[in-house]
2 protein chains.
Amino acid sequence: MSQEVEQRSLSQYLEEHNLKHTKQREAILAAFLEATGHITSEEIHSRVRVDHPNIGYTTVYRTMKLLCDAGLATERHFDGGVTRYEIEHEHHDHLVCLRCGKIIEFECAMIEKTQLEIADRYRFRVLRHRHELYGHCDACVRELAE
Amino acid sequence: MSQEVEQRSLSQYLEEHNLKHTKQREAILAAFLEATGHITSEEIHSRVRVDHPNIGYTTVYRTMKLLCDAGLATERHFDGGVTRYEIEHEHHDHLVCLRCGKIIEFECAMIEKTQLEIADRYRFRVLRHRHELYGHCDACVRELAE
DNA sequence: AGTGAAATTGAAAATCACATTCAATTTCAA
DNA sequence: TTGAAATTGAATGTGATTTTCAATTTCACT
Ligand SMILES: [Mn+2]
Ligand SMILES: [Mn+2]
Ligand SMILES: [Zn+2]
Ligand SMILES: [Zn+2]
């Protein structure tokens, strides 16, 4: 596998913060990295349970928070009330399919710039933002057309 | 007061849907309209309680949902896990102050258009969207500078 | 006005995702 | 090897909202 960089990154974070290196943390990081983007705690839990049947939800929640602190994961809150995690990478926003759950990432310098100009008008200092488009993805649009 | 239009609008909705006109619904609509924008269920509840001490949370929740269905109110979900309601009006997005809670509305045809072009590239059909900028408002920026 | 079926209300209990508690277990520096 | 400190996971708590259900209210029709 190619998770060596991330595993080392976790180890480093643990050492620097006087935290301990455990089987659980290693397993949860592995399960998280194996999945591709935007996964829930529940999904991580069921994946990690395959090889480690005793790991509880609590540990998954705690570890994902730790991975976020360590800069390996990012929390996302799309409509629906469930936290999702993605591998931390460059800023971007999302298209979310309301039918199949597919999530597409996009980035647009024009929009990023324009929104800051708008904020400036109100002398508002933007710290973060969320821009999400909800609807139907290509595949779902076709299926809905029968 | 100038809530006649809305009261009549509610009455019409109730009649058309075989629902009943009650003191509670009238009082909750009044309390909601008296407040200016982006109010929580709890705030509505405490306001309506001044004149109607027996109205429960449950009825506020149910009635606000009804007002949304009737096209008089809109539900908003900003970061923080509490639903807020605003008087239904033209589409717009928000600047949310993380310090004092102030909420500023904005609209930008350029962004609206650009985001649809992005969706088009993915053949994604946008049904709705949310675009929220979180940070510090003018007043808070000044206070934070001591 | 009176009736009664259907809608509404509100207190209490349930839900749902996540956080906290705490006793038992594990890690790791010395 | 040892033990202090960190971690774990089951159980329990939390906070916003929803559901349940018996009692009350509305309103169309006498
Ligand atoms: Mn993403
Ligand atoms: Mn608004
Ligand atoms: Zn889809
Ligand atoms: Zn502010």
Side-chain angles (χ1 to χ4, degrees), chain A residues 7 10-32 38-49 51-70 73-85 101, chain B residues 7 10-32 38-49 51-70 73-85 101:
Chain A
Q7 290 286 358
L10 171 60
S11 295
Q12 191 186 331
Y13 181 85
L14 294 175
E15 283 170 28
E16 289 174 351
H17 292 262
N18 281 90
L19 302 175
K20 290 171 179 173
H21 190 279
T22 66
K23 293 277 185 197
Q24 288 90 334
R25 284 169 176 169
E26 199 172 303
I28 290 166
L29 172 57
F32 167 61
H38 314 105
I39 195 176
T40 65
S41 289
E42 192 180 2
E43 286 163 351
I44 295 168
H45 183 247
S46 67
R47 279 162 178 274
V48 83
R49 277 238 166 181
D51 291 318
H52 307 265
N54 304 319
I55 294 182
Y57 273 109
T58 314
T59 301
V60 174
Y61 281 122
R62 281 190 289 227
T63 301
M64 290 316 297
K65 185 155 290 179
L66 188 153
L67 296 184
C68 289
D69 292 342
T74 307
E75 246 186 79
R76 291 288 183 178
H77 302 273
F78 301 119
D79 285 7
V82 207
T83 301
R84 289 177 178 277
Y85 298 92
Chain B
Q7 290 287 357
L10 170 60
S11 294
Q12 190 185 332
Y13 181 85
L14 294 175
E15 282 170 29
E16 288 174 350
H17 293 261
N18 282 90
L19 302 175
K20 289 171 179 174
H21 189 279
T22 67
K23 292 278 186 193
Q24 288 91 333
R25 285 170 175 169
E26 197 172 305
I28 291 166
L29 172 56
F32 167 62
H38 314 106
I39 195 175
T40 66
S41 289
E42 192 182 0
E43 286 163 350
I44 295 168
H45 183 246
S46 66
R47 279 161 178 276
V48 84
R49 277 238 169 183
D51 290 319
H52 306 265
N54 304 318
I55 293 183
Y57 272 109
T58 314
T59 301
V60 173
Y61 280 119
R62 281 189 287 226
T63 302
M64 289 315 297
K65 185 155 291 178
L66 188 153
L67 295 184
C68 289
D69 291 342
T74 307
E75 245 186 81
R76 292 288 184 179
H77 301 273
F78 301 118
D79 286 6
V82 208
T83 301
R84 289 178 178 277
Y85 298 92

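In the text below, chain A, chain B and the rest are named by the order of the sequence lines, each starting its count at 1.
Remark: B/Thr59 is in phosphate contact with C/dG10, judged by side-chain N or O atoms under 4.0 Å from OP1 or OP2. Taking only side-chain nitrogens and oxygens, A/Thr58 never comes nearer than 4.0 Å to OP1 or OP2 of C/dA19. Within the 4.0 Å cut-off from OP1 or OP2 of D/dT17, at least one side-chain nitrogen or oxygen of B/Tyr61 is found. For B/Ser41 and D/dA16, the shortest distance from a side-chain N or O to OP1 or OP2 is not below 4.0 Å.
At a threshold of 4.5 Å between non-hydrogen side-chain atoms, the residues A/Arg25 and A/Leu66 count as touching. A heavy-atom distance below 4.5 Å is not found between the side chains of B/Arg76 and B/Thr83.
For the pair A/Arg49 and A/Ile55, the tightest heavy-atom approach, listed with the atom from each and the gap, is NE-O, 3.1 Å. Scanning all heavy atoms of the two residues, the minimum distance from B/Thr63 to B/Ile28 falls at OG1-CD1, 3.6 Å.
Of the residues in residues 19-29 of chain B, those with a non-hydrogen atom less than 4.0 angstrom from any atom of DNA chain C are B/Leu19, B/Lys20, B/Thr22, B/Gln24, B/Arg25.
A/Tyr85 pairs in a side-chain contact (heavy atoms from CB on, under 4.5 Å) with only one of the listed residues (A/Ile44, A/Leu67, A/Thr74, A/Thr40), which is A/Ile44.
If you measure from atom CG of A/Leu14 to atom P of D/dA6, you get 13 Å, rounded to the nearest angstrom. The NE2 atom of A/His45 sits 15 Å away from the P atom of C/dA19 (whole-angstrom rounding). When the P atom of D/dT18 is taken as reference, atom CZ of B/Arg62 falls 11 Å away, rounded to whole Å. When the P atom of D/dA6 is taken as reference, atom CG of A/Asn18 falls 7 Å away, rounded to whole Å. Rounded to a whole Å, the CD atom of A/Glu15 is 13 Å from the P atom of D/dT7. Rounding to whole angstrom units, CD of residue B/Glu43 and P of D/dA16 are separated by 12 Å. As rounded to whole Å, 13 Å separates atom C1' of D/dT24 from atom CG of B/Asn54. Going from atom CZ of A/Arg49 over to atom P of D/dG9 covers 9 Å, rounded to whole Å.
For B/Glu42, the CD atom is loosely surrounded, since the number of other residues' heavy atoms within 6.0 Å does not exceed 12.
A side-chain donor-acceptor contact under 3.5 Å links B/Ser46 to the backbone of B/Glu43.
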